[in-house]
Amino acid sequence: MMHSNQKKNQHLLWRAGFGPAVEQLQDLDRYTPGEYYTALVKASAKTPQYINIASDDLLQLYESYLAPGKRGTLTADDRRILNRKQQAAVKDLNLYWLKEMIASSGQLREKMAYFWHGHFACRNGNLFYNQLFLHTLRENALGDFRTLLKQVSQSAAMLYFLNNQQNKKGHANENFAREVMELFTLGRGNYTENDVKEGARAFTGWTANARGEFEFNKKQHDDGTKEFLGKKGNFDGNDVLDIILEKRQTATFITGKIYRFFVNDTIDKDRVQALSEAFYKDYDIGKLMERIFTSDWFYDDQNIGARIKSPIELLAGIQRMVPMRLDNDNALMNLQRILGQQLLYPPNVAGWPGGKSWIDSSTLMMRLRIPQLFNDKDLLNVKPKQDDDVMMGRKADGMANIPVKKAAKPVPGAGLINAKIDWPQYVTKFEKVKREAIFSTISDYLFQVNAANVDQVATKFVDSTDRDAYIRSVTIQLMSTPEYQMC
């Protein structure tokens, strides 16, 4: 089946970004996918601004915490206050980044940073470590994988998350070295237990200070000879990473994971092999993505509408298509938790499994209900699932072990979304569409999959009192279908 430019560009915008924005609707058939991709690259070329959401009082409190000799004198109450403020600030960072995904013209950069956030899954209670880590992902999202790997490996957030501050000469902690190989580069089965032990020795002394700056503690480093992945020498952490990057398996592993995320959960081995061979030559992430997004096979039938939208893709995509302002951040955080994906809070170091794991009986019903929640004064009365490991990645940041008291009373209005939708901006995009063609036109914009018979269900619930009401209700009803869950 041959797809129109409109359908191809929708596919591209969902995979290389977070879906079409309402202002792009009339342009989808006007430009070729190649032209659209060039525009995405250009919009993402500028270095992203560092996201700093720390309030003055939190910054002042943290600076006090960093003062020489002060850290050890903090009382339990001091730590509790600092911890509580940090938790609230990390939530704010989560929402700020989500808004960037929705509104930024640098869609390709944000989508790639989102991918790396799942690949280099990291969780930390320190706001400042999180801000530095997020900037590393966004700044290097389309750059050199070597640079990205090394900067992530030397980030305070990751070093503490994987306990490398405990990795010292004579008392090696293998956690960091193991995950670097198993999850970040080579994949399970492509190294030995001896490689883990020797790699851990090479990473001894790698730590970070309270400001998030990488530090090499030479006194804690094992400077003896190591045997690692078939090589022998007095290796340090950088040497180990270089040896890992010399392995073609690293390029194959990364390419395969990118293919599953951006193309199809089912890997085409021949295509991944060809892509990985080119990627291995320079580790240029941007070139790899260009080869994927500009290939003919990217637009094959089996790749269009073949992926289940992640919770973040779903939430961002709805807000890009129907412009709105959300006044209740607590409700938006609860939606992330209910759907099973909170930015900056991966479930474990392996990240989110994705694919069919996004859907179960409870999450599917909530997904179908979200458009109605945005549009109405409906109450979000579903209780988020209990976090599976609330302290993960926060055991060594020096502050997070003090429990935070639960609020005695629910936050007023916490269950209301309070979305202010700019319906006039949306409705205007259909002013030239004849009434009888409105349903099919909106359906074409919203669905990547064949939505046969969806009109028989959706039309039963649309408001036909006037043209604007009809456009609004058709949009909400179509977004509330299982077909809209696919991209």
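Heads up: numbering here begins at 1 and tracks the sequence. Worth knowing before you read on, the calculation uses all heavy atoms, side chains too, and leaves out hydrogens, waters and symmetry mates.
Within the 3.5 Å criterion, the main-chain N or O of Leu343 finds a donor-acceptor partner in the side chain of Gln336. Arg248 contributes no side-chain N or O that, together with a main-chain N or O of Tyr280, makes up a donor-acceptor pair within less than 3.5 Å. No donor-acceptor pair closer than 3.5 Å links the side chain of Tyr160 to the backbone N or O of Tyr129. In this structure, Ser104 contributes its side chain and Met101 its backbone to no donor-acceptor pair below 3.5 Å. The main-chain N or O of Ala274 is never found under 3.5 Å from a side-chain atom of Glu277 such that the two would form a donor-acceptor pair. Checking side-chain atoms of Gln10 against main-chain N and O of Tyr445 turns up a donor-acceptor pair under 3.5 Å. For the pair Thr363 (side chain) and Trp358 (backbone), a donor-acceptor distance under 3.5 Å is present. A distance-only check finds a donor-acceptor pair linking the side chain of His11 to the backbone of Phe298 [under 3.5 Å]. Between the Asn52 side chain and the Ala54 main chain, a donor and an acceptor come within less than 3.5 Å of each other. Not one N or O on the side chain of Ser480 forms a donor-acceptor pair closer than 3.5 Å with the backbone of Pro371.
Taking 4.5 Å as the limit, every side-chain heavy atom of Asp284 sits out of range of all side-chain heavy atoms of Phe279. Contact check for Tyr36 versus Gln24: side-chain heavy atoms found under the 4.5 Å cut-off. The shortest distance between side-chain heavy atoms of Leu148 and Thr136 falls below 4.5 Å. A heavy-atom distance below 4.5 Å is found between the side chains of Leu241 and Val180. Residues Leu13 and Phe18 fail the side-chain proximity criterion, which asks for heavy atoms closer than 4.5 Å. Using a 4.5 Å heavy-atom cutoff, the side chains of Thr294 and Pro33 are not in contact. Proximity of Leu364 to Leu368: side-chain heavy atoms (C-beta onward) are separated by under 4.5 Å at one or more points.
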Evaluate Asp329 against Lys91 for salt bridge (charged side-chain N to carboxylate O under 4.0 Å, His left out), listing each step before the verdict. CA-CA 9 Å; Asp329 289 344; Lys91 182 200 75 172; 5.5 Å; no
Could you give me the CA-CA distance, side-chain angles and deciding distance for Arg271 and Asp300, then say whether salt bridge (charged side-chain N to carboxylate O under 4.0 Å, His left out) is met? CA-CA 13 Å; Arg271 286 174 183 159; Asp300 286 348; 3.5 Å; yes
Should Asp268 and Trp297 be marked as a side chain to side chain contact (heavy atoms under 4.5 Å, CB included) after you check the CA-CA gap, both sets of side-chain angles, and the distance that decides it? CA-CA 11 Å; Asp268 184 308; Trp297 50 257; over 6 Å; no
When you look at Arg138 and Ile51, which way does the side chain to side chain contact (heavy atoms under 4.5 Å, CB included) test go after all the steps? CA-CA 10 Å; Arg138 296 175 72 230; Ile51 299 176; 3.5 Å; yes
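For Tyr31, there are no ring pair (Phe, Tyr, Trp, His ring centres under 6.0 Å) partners, not counting sequence neighbours. In this view, Phe128 and Tyr62 satisfy the ring pair (Phe, Tyr, Trp, His ring centres under 6.0 Å) rule, not counting sequence neighbours. Legend: residues meeting side-chain hydrogen bond (donor to acceptor under 3.5 Å, both in side chains) with Gln60, ordered by chain and number and at least two apart, are absent. Partners of Asp468 by side-chain hydrogen bond (donor to acceptor under 3.5 Å, both in side chains), not counting sequence neighbours: none found. Residues passing the ring pair (Phe, Tyr, Trp, His ring centres under 6.0 Å) test with Phe133, sequence neighbours excluded: none. By the ring pair (Phe, Tyr, Trp, His ring centres under 6.0 Å) test, Tyr37 is found to be paired with Phe293, residues two or more places apart in sequence or in another chain being considered.
Contact check on Asp463 versus Arg472 returns no salt bridge, with no Lys/Arg side-chain nitrogen under 4.0 Å from an Asp/Glu carboxylate oxygen. Taking the charged nitrogens against the carboxylate oxygens, Asp242 and Lys150 do have a contact shorter than 4.0 Å, which makes a salt bridge. Asp327 and Lys420 are joined by a salt bridge, as a carboxylate oxygen and a charged side-chain nitrogen come within less than 4.0 angstrom of each other.
The salt bridge (charged side-chain N to carboxylate O under 4.0 Å, His left out) pairs that include a residue from residues 22-49 are Asp27-Arg30, where partners are two or more places apart or lie in different chains. Sorted by first then second residue, the ring pair (Phe, Tyr, Trp, His ring centres under 6.0 Å) pairs that include residues 90-112, not counting sequence neighbours, are Trp97-His117. Pairs of residues two or more places apart, or lying in two chains, that qualify as side-chain hydrogen bond (donor to acceptor under 3.5 Å, both in side chains) and include a residue from residues 252-266 are His119-Lys257, Asn264-Asn303. Here side-chain hydrogen bond (donor to acceptor under 3.5 Å, both in side chains) pairs that include residues 422-439, with residues two or more places apart or in two chains, are Asn375-Trp423, Tyr426-Thr475.
Shown here for Ala156 and Ala208, the closest heavy-atom pair between the two residues is CB-CB, 3.5 Å. A pairwise comparison of heavy atoms in Met158 and Ala121 identifies CE-O, 3.8 Å as the closest pair. Across every non-hydrogen atom of Ile370 and Leu335, the tightest pair is CG1-CD2, 4.1 Å. For Asn328 against Ala331, the heavy-atom pair with the smallest separation is OD1-N, 3.2 Å.
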Counting only pairs under 3.5 Å, give me each side-chain donor-acceptor contact of residues 304-319, with atom names and distances, residues two or more places apart or in other chains.
| from | atom 1 | to | atom 2 | distance (Å) |
| --- | --- | --- | --- | --- |
| Arg307 | NE | Phe261 | O | 2.9 |
| Lys309 | NZ | Tyr484 | O | 2.6 |
| Ser310 | OG | Tyr114 | OH | 2.6 |
| Ser310 | OG | Glu313 | N | 3.1 |
| Ser310 | OG | Glu313 | OE1 | 3.2 |
| Glu313 | OE1 | Ser310 | N | 2.8 |
| Glu313 | OE2 | Lys111 | NZ | 3.1 |
| Gln319 | NE2 | Leu315 | O | 3.0 |

Enumerate donor-acceptor pairs with a distance under 3.5 Å from any side-chain N or O in residues 350-357 to protein atoms, sequence neighbours excluded.
| from | atom 1 | to | atom 2 | distance (Å) |
| --- | --- | --- | --- | --- |
| Ser357 | OG | Gly354 | N | 3.2 |
| Ser357 | OG | Gly354 | O | 2.5 |

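Counting heavy-atom neighbours within 6.0 Å of Glu213 CD, excluding the residue itself, gives a total above 12.
Of the N and O atoms on the side chains of Asn94 and Gln342, not one donor lies less than 3.5 Å from an acceptor on the other residue. A donor atom on one side chain and an acceptor atom on the other are not found under 3.5 Å apart for Asn190 and Glu182. Looking only at atom types and distance, the side chain of Asp444 has no donor-acceptor partner in the side chain of Thr441 under 3.5 Å away.
Taking the six-membered ring for Trp, His3 and Tyr299 have ring centres at least 6.0 Å apart. Ring to ring, Trp116 and Phe184 are not that close: their centroids are 6.0 angstrom or more apart.
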